[in-house]
Visitor: 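Before anything else, here's the structure in question.
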Protein chains: 2
Amino acid sequence: MSTDTTGAAPARPLVMSDVAARAGVSHQTVSRVVNGHPNVAPRTRERVQQAIAELGYRPNAAARALVTGSSRTIGLITIDVDQYGPAQTMIGLEQAARAAGYSLSVAILDRAGGLTIAEAVDRFVAQSVDAVVVHTAELQALEALEQVDPPVPLVAVQMGGEGHGSTVTVGQEAGAALAVDHLLELGHTTVHHLAGPSYSVEARRRIQGWRTALARAGAPAGELWLGDWWPSSGHAAGTDLAQRIRAGEPITAVFAGNDQMALGLMVALHEQGISVPGDVSVVGFDDVPEAPYFSPPLTTVRQDFAELGRRGVELVLARIGGEDGGSDLVEPRLLVRSSTGPARS
Amino acid sequence: MSTDTTGAAPARPLVMSDVAARAGVSHQTVSRVVNGHPNVAPRTRERVQQAIAELGYRPNAAARALVTGSSRTIGLITIDVDQYGPAQTMIGLEQAARAAGYSLSVAILDRAGGLTIAEAVDRFVAQSVDAVVVHTAELQALEALEQVDPPVPLVAVQMGGEGHGSTVTVGQEAGAALAVDHLLELGHTTVHHLAGPSYSVEARRRIQGWRTALARAGAPAGELWLGDWWPSSGHAAGTDLAQRIRAGEPITAVFAGNDQMALGLMVALHEQGISVPGDVSVVGFDDVPEAPYFSPPLTTVRQDFAELGRRGVELVLARIGGEDGGSDLVEPRLLVRSSTGPARS
DNA sequence: GTCGCACATGTTAGCGCTAACAAAGGTGGT
DNA sequence: ACCACCTTTGTTAGCGCTAACATGTGCGAC
């Protein structure tokens with residue numbers, strides 16, 4: 001319907017020589033100004049900058065990428081961005097990347113296998129990205145990652161194990177230990193664990209941290225259930241738990257692998273007439289924004305996801321700059337609210 | 001035969017003429033095969049495809065973008081991806097885009113003003129994106145959008161008003177009406193509304209829908225409070241509300257602008273000894289995954305965010321293909337759970 | 001005054017690809 | 001047999017930019 005020639009929008013996109021013509025210099029001088037090259041006379045630089053501003057010129061990224069081999073773009077491979085943690089991490093990543101002058105290209109894996117890690121890396125390489133950041137805790141995906149050897153830096157964020165390339169990770173074991181120690185200090189004999197799914201490396205690390213903390217304190221081993229991160233699996237576990245408690249089993253403390261499962265768990269317990277924290281204390285993991293408004297407000301382990309993203313970019317930049325960039329760790333923190341209390345004597 | 005096939009990372013990236021040499025054709029023939037050009041002899045095509053497979057060749061996206069002016073990339077400008085809706089929408093968008101052979105480049109706005117819409121669009125244009133999708137309900141951002149006239153299709157997703165270019169939107173008024181009518185049918189005299197912040201176009205549309213539905217039913221106008229989408233603002237509103245109820249005000253039904261505020265509201269009510277739905281019925285908006293596990297399980301209006309993303313891509317593709325692509329609407333749906341009940345007589 | 005050298009600017013080539021045109025080979029109609 | 005015409009393939013140019021080299025200019029050292 002509308003023809004796109006409304007004064008401001010030029011029919012032919014502006015190129016460097018348009019700016020050059022206007023400033024009365026060669027296109028190469030414009031290039032030097034654009035790239036902050038030192039050997040340009042101040043007056044010339046000013047004229048060029050003015051011409052750029054007047055024309056509203058932006059250099060063509062594709063041409064730049066072609067000649068330099070770098071697109072000033074970082075590729076992010078992620079999963080489950082509809083969950084709080086991955087979404088926060090992505091925000092931290094994007095903002096840090098942008099602050100450093102990089103754009104973010106995103107590929108979202110799905111559990112249905114629509115896109116494999118190798119394909120995603122491949123695509124990014126063809127796009128001339130300067131680095132790839134992988135954010136997933138999927139065991140399978142991480143194993144696949146080992147096979148990939150891209151010609152650009154690859155950094156993993158939040159992965160549990162030590163993998164190919166650089167890694168930023170939250171101290172999952174430390175976080176689990178925080179939860180367990182808190183519960184033990186409140187006088188609970190042992191702590192049971194409702195873990196995330198087995199394909200998740202994070203879930204495994206938390207299980208490991210839980211076991212270790214229990215052992216270190218000399219407490220008897222607790223029981224382990226597996227959920228799928230979602231509230232419904234917490235609810236199922238809670239229903240089962242409640243029946244066993246009413247049957248007389250001495251279960252008084254549960255550490256849930258994330259806040260959403262803790263929510264489902266507490267709701268099920270409540271439905272079955274079990275009091276939290278009166279009868280059972282519950283600790284979550286993540287500290288989602290809703291956690292303070294659960295019933296009762298949830299004691300949980302906070303992970304600083306945005307910081308994770310920022311560190312990831314730092315690592316990327318170090319690697320792009322040729323530095324080695326080893327592993328980096330973000331420490332979690334315990335937030336005590338009202339879902340935990342002293343053990344019933 | 002020098003068996004230096006794939007295996008190790010090649011020192012020099014593969015280019016089209018490497019493939020051409022291996023297949024014994026010219027680079028242009030390779031280009032034709034890669035782009036599915038019709039006039040290539042079947043045998044030749046096969047040989048070339050085999051060479052591509054053996055070498056693991058991927059065309060350089062920057063060179064392609066430079067010569068064609070298209071990078072097969074869609075730029076997404078979004079905000080609040082840490083909230084459920086925007087994150088889901090992004091997932092729908094990314095998957096539909098990838099299915100159509102496009103990549104997604106992401107810019108995340110922040111309320112602090114780190115990046116303006118105009119800058120983001122500008123950046124994307126310099127990146128030769130084929131289209132820009134804007135996903136925000138920020139009034140300010142949408143106004144700024146009116147000033148922008150990019151040389152590529154721009155489609156807005158979820159915006160309330162009719163703006164420049166194409167639009168996909170959820171029927172906000174219809175959703176609000178769903179909530180109000182449900183409450184009215186249960187016998188409540190009127191419905192009060194805890195709305196989202198005033199800068200949000202969505203919040204405004206829901207307010208409008210709420211008012212209209214009330215008026216249409218001949219119900220007296222309800223009271224309006226403004227929150228900020230987060231649970232804490234719902235909690236504050238709920239605390240205030242509870243006191244007024246205990247003072248005798250006849251408040252029995254509240255429609256919250258989103259589920260998180262509904263959560264905060266219900267918790268505050270509960271803390272103050274007001275029963276939901278016994279004393280007050282509450283309806284949310286969004287249907288986050290936690291909603292069935294709130295206390296009580298929340299009656300809410302579901303928005304299909306992933307579908308929104310998919311439709312957005314459809315619209316984009318239509319626009320890229322030169323079609324007009326008008327507005328498109330996704331209809332919300334009411335999910336009745338346990339936070340609503342008949343009015344107390 | 002003349003040389004040397006640093007700085008400022010211009011000129012040229014080429015990144016890897018696609019588009020346009022050119023050339024070669026095959027087919028059928030007369 | 002010839003030519004018209006289609007299909008298949010190759011050759012060339014150029015997208016917009018940066019890197020490398022070439023040229024021009026000014027100024028201090030001798």
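Below, read A as the first sequence line, B as the second, and so on, with proteins coming before strands; counting in each chain starts at 1.
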Visitor: From NE2 of B:His37 over to P of C:dC17, roughly how many Å is that when rounded to an integer?
Guide: 18 Å
Visitor: Are any of A:Tyr57's side-chain N or O atoms less than 4.0 Å away from OP1 or OP2 of D:dC17?
Guide: yes
Visitor: Could you state the atom-to-atom distance from CG of B:Leu14 to P of C:dC15 in whole Å?
Guide: 15 Å
Visitor: Separation of B:Ile52 atom CD1 from C:dC17 atom P, in whole Å?
Guide: 10 Å
Visitor: Starting from the 5' end of DNA chain C, give me the residue, B:Leu66 or B:Arg32, whose nearest nucleotide shows up first.
Guide: B:Leu66
Visitor: Which is more 5' along DNA chain D, the nucleotide nearest B:Gln28 or the one nearest A:Ala63? Just name the residue.
Guide: B:Gln28
Visitor: Should B:Asn35 be listed as having a side-chain N or O under 4.0 Å from OP1 or OP2 of C:dT18?
Guide: yes
Visitor: Output, in order, the C-alpha distance, side-chain angles, deciding distance and verdict of side chain to side chain contact (heavy atoms under 4.5 Å, CB included) for A:Leu308 and A:Asp304.
Guide: CA-CA 6 Å; A:Leu308 190 69; A:Asp304 192 341; over 6 Å; no
Visitor: Counting only side-chain nitrogens and oxygens, does A:Thr44 get under 4.0 Å of the OP1 or OP2 atom of C:dT9?
Guide: yes
Visitor: Could you check how far CZ of B:Arg43 sits from P of D:dT9, rounded to whole Å?
Guide: 10 Å
Visitor: Rounding to an integer number of Å, can you tell me how far B:Arg72 CZ sits from C:dT18 C1'?
Guide: 15 Å
Visitor: Ignoring backbone atoms, establish whether B:Arg64 has a side-chain N or O less than 4.0 Å from OP1 or OP2 of C:dT18.
Guide: yes
Visitor: Please tell me which of the listed nucleotides, D:dT8, C:dC15, C:dC17, lies nearest to the side chain of B:Ala41?
Guide: D:dT8
Visitor: Counting only heavy atoms not in A:Gln140 (residues, nucleotides, ligands), do more than 12 fall under 6.0 Å from its CD?
Guide: no
Visitor: Hey, does the side chain of A:Thr29 come within less than 4.0 Å of C:dG10's phosphate (OP1/OP2), counting only N and O?
Guide: yes
Visitor: Return no unless some side-chain N or O of A:Asn39 is found under 4.0 Å from OP1 or OP2 of C:dA8.
Guide: yes
Visitor: How many Å lie between CZ on B:Arg45 and C1' on D:dT7, as a whole number?
Guide: 13 Å
Visitor: How far apart are the closest heavy atoms of B:Ile74 and B:Val316, and which atoms are they?
Guide: CD1-CG1, 3.8 Å
Visitor: Among the candidates D:dA19, C:dC17, D:dT9, find the nucleotide nearest to the side-chain atoms of B:Val40.
Guide: D:dT9
Visitor: Using the side chain to side chain donor-acceptor pair (under 3.5 Å) rule, take B:Ser103 and A:Gln127 through it: C-alpha gap first, then chi angles, then the decisive distance, then the call.
Guide: CA-CA 10 Å; B:Ser103 300; A:Gln127 270 179 52; 2.9 Å; yes
Visitor: With a 4.5 Å cut-off on side-chain heavy atoms, are A:Thr136 and A:Ile77 touching?
Guide: no
Visitor: Could you give the CE-to-C1' distance, from B:Met16 to C:dC15, as a whole number of Å?
Guide: 14 Å
Visitor: According to a strict under-4.0 Å criterion, is A:Ser31 in side-chain N/O contact with OP1 or OP2 of D:dT18?
Guide: yes
